Chemist: 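Have a look at this one before I ask anything.
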Amino acid sequence: MMRIRSPKNFWAGLFFIAVALGFILLSRKYATGSMHRMGPGLFPILVSVLLASLGLIIAARAFAVDGPPVPRFHARPIVISLAGIALFGIALAHLGLIAAVAVLVLVGAVASRESRPLETVGLVVVLIAFSAGVFVWLLGLPIQLWPDT
């Protein structure tokens, strides 16, 4: 019987395969067309096949190469990160891009026990400048920087 030498890689590979199969099933309702006349379902299926292939390679390597065990599951960072993303969407709709980016970074910093206040504030400033510069000024997207008064 074969022994799994790298459980982390094995489960990551199976996860990739499961996600790929899910997207293949979801994209089946769209026409695939042909390579000369591609339909809307062809690209997601091709990307999913590549993802499944990558997952198969990663899972197969878990039998040949030693690797780390699966780390302990921590729900707190996942829940806080999802809350930060939801708050970003709410803040973007009501408070503007600057406040939304600040909320996202500040809530995200709470998810890590290693974050430092000064670094977090610096990251807020840099990401606000980057987001406003790229999305509002360079791309010209109709995103409000500040809330309507």
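From a predicted model like this one, the values you see are computed outputs, not experimental measurements. Scope of the values below: all heavy atoms of this structure, side chains included, with no hydrogens, waters or symmetry mates. Numbering of residues begins at 1 and proceeds along the displayed sequence.
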Chemist: Going from CZ on Phe88 to CG on Leu97, what distance comes out if it is rounded to the nearest 0.5 angstrom?
Modeler: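 CG of Leu97 is found 6.0 Å from CZ of Phe88.
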Chemist: When rounded to the nearest 0.5 angstrom, what is the spacing between CD1 in Ile58 and OG in Ser6?
Modeler: 10.0 Å
Chemist: Report yes if some heavy atom in the side chain of Val107 is under 4.5 Å from a heavy atom in the side chain of Ile80; otherwise report no.
Modeler: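 Touching, per the 4.5 Å side-chain cut-off.
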Chemist: Any non-hydrogen side-chain atom of Leu42 less than 4.5 Å from a side-chain atom of Arg37?
Modeler: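 Leu42 does not reach Arg37 side chain to side chain.
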Chemist: Out of curiosity, Phe135 CZ to Leu145 CG, how far, rounded to the nearest 0.5 Å?
Modeler: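 These two atoms lie 12.5 Å from each other.
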Chemist: Any idea which heavy atoms bring Pro44 and Ser27 closest together, and the distance?
Modeler: CB-CB, 3.9 Å
Chemist: Assigning hydrophobic clusters by single linkage (Ile, Leu, Val, Met, Phe, Trp, Tyr; side-chain heavy-atom cutoff under 4.5 Å), is Leu104 placed with Leu123?
Modeler: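 Same cluster.
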Chemist: Looking at every non-hydrogen atom in both residues, tell me the closest pair between Phe16 and Gly55 and how far apart they are.
Modeler: CB-CA, 3.7 Å
Chemist: I'd like to know if Val47 and Ile24 are part of one continuous hydrophobic network [Ile/Leu/Val/Met/Phe/Trp/Tyr, side-chain heavy atoms within less than 4.5 Å].
Modeler: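 Different hydrophobic clusters.
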Chemist: Rounded to the nearest 0.5 Å, what separates atom CD1 in Ile98 from atom CD1 in Ile128?
Modeler: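 These two atoms lie 6.0 Å from each other.
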Chemist: Same cluster for Val65 and Phe10 if Ile/Leu/Val/Met/Phe/Trp/Tyr side chains link at under 4.5 Å?
Modeler: no
Chemist: Looking at every heavy atom in both Ser115 and Ala109, which two are closest together, and how far apart are they?
Modeler: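 What the structure gives for the nearest pair is OG-O, 2.7 Å.
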Chemist: Looking at Leu118, I'd like to know if its CG atom is crowded, meaning that more than 12 non-hydrogen atoms belonging to other residues, nucleotides or ligands lie closer than 6.0 Å.
Modeler: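 Incorrect, the count does not exceed 12.
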Chemist: Are Trp146 and Ile143 joined in one hydrophobic group, where the rule is that I, L, V, M, F, W and Y side chains link up if heavy atoms are under 4.5 Å apart?
Modeler: yes
Chemist: Is there a side-chain contact between Glu114 and Glu119 in this structure, where contact means two heavy atoms from C-beta onward sitting under 4.5 Å apart?
Modeler: no
Chemist: Going from CG on Leu95 to CG on Leu87, what distance comes out if it is rounded to the nearest 0.5 angstrom?
Modeler: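 If I round to the nearest 0.5 Å, the distance is 10.5 Å.
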Chemist: Determine whether Val124 and Val101 fall in the same hydrophobic cluster, where Ile, Leu, Val, Met, Phe, Trp and Tyr are linked whenever their side-chain heavy atoms lie under 4.5 Å apart.
Modeler: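 Per the 4.5 Å side-chain linkage, Val124 and Val101 are co-clustered.
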Chemist: Out of curiosity, Arg5 CZ to Phe63 CZ, how far, rounded to the nearest 0.5 Å?
Modeler: 11.5 Å
Chemist: Do you know the tightest heavy-atom contact between Ile17 and Ala52?
Modeler: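 Distance-wise, the nearest heavy atoms are CG1-O, 3.7 Å.
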Chemist: Taking the side chain as C-beta and beyond, is there a heavy-atom pair between Val134 and Leu139 under 4.5 Å?
Modeler: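 Result yes, sub-4.5 Å side-chain heavy-atom pair found.
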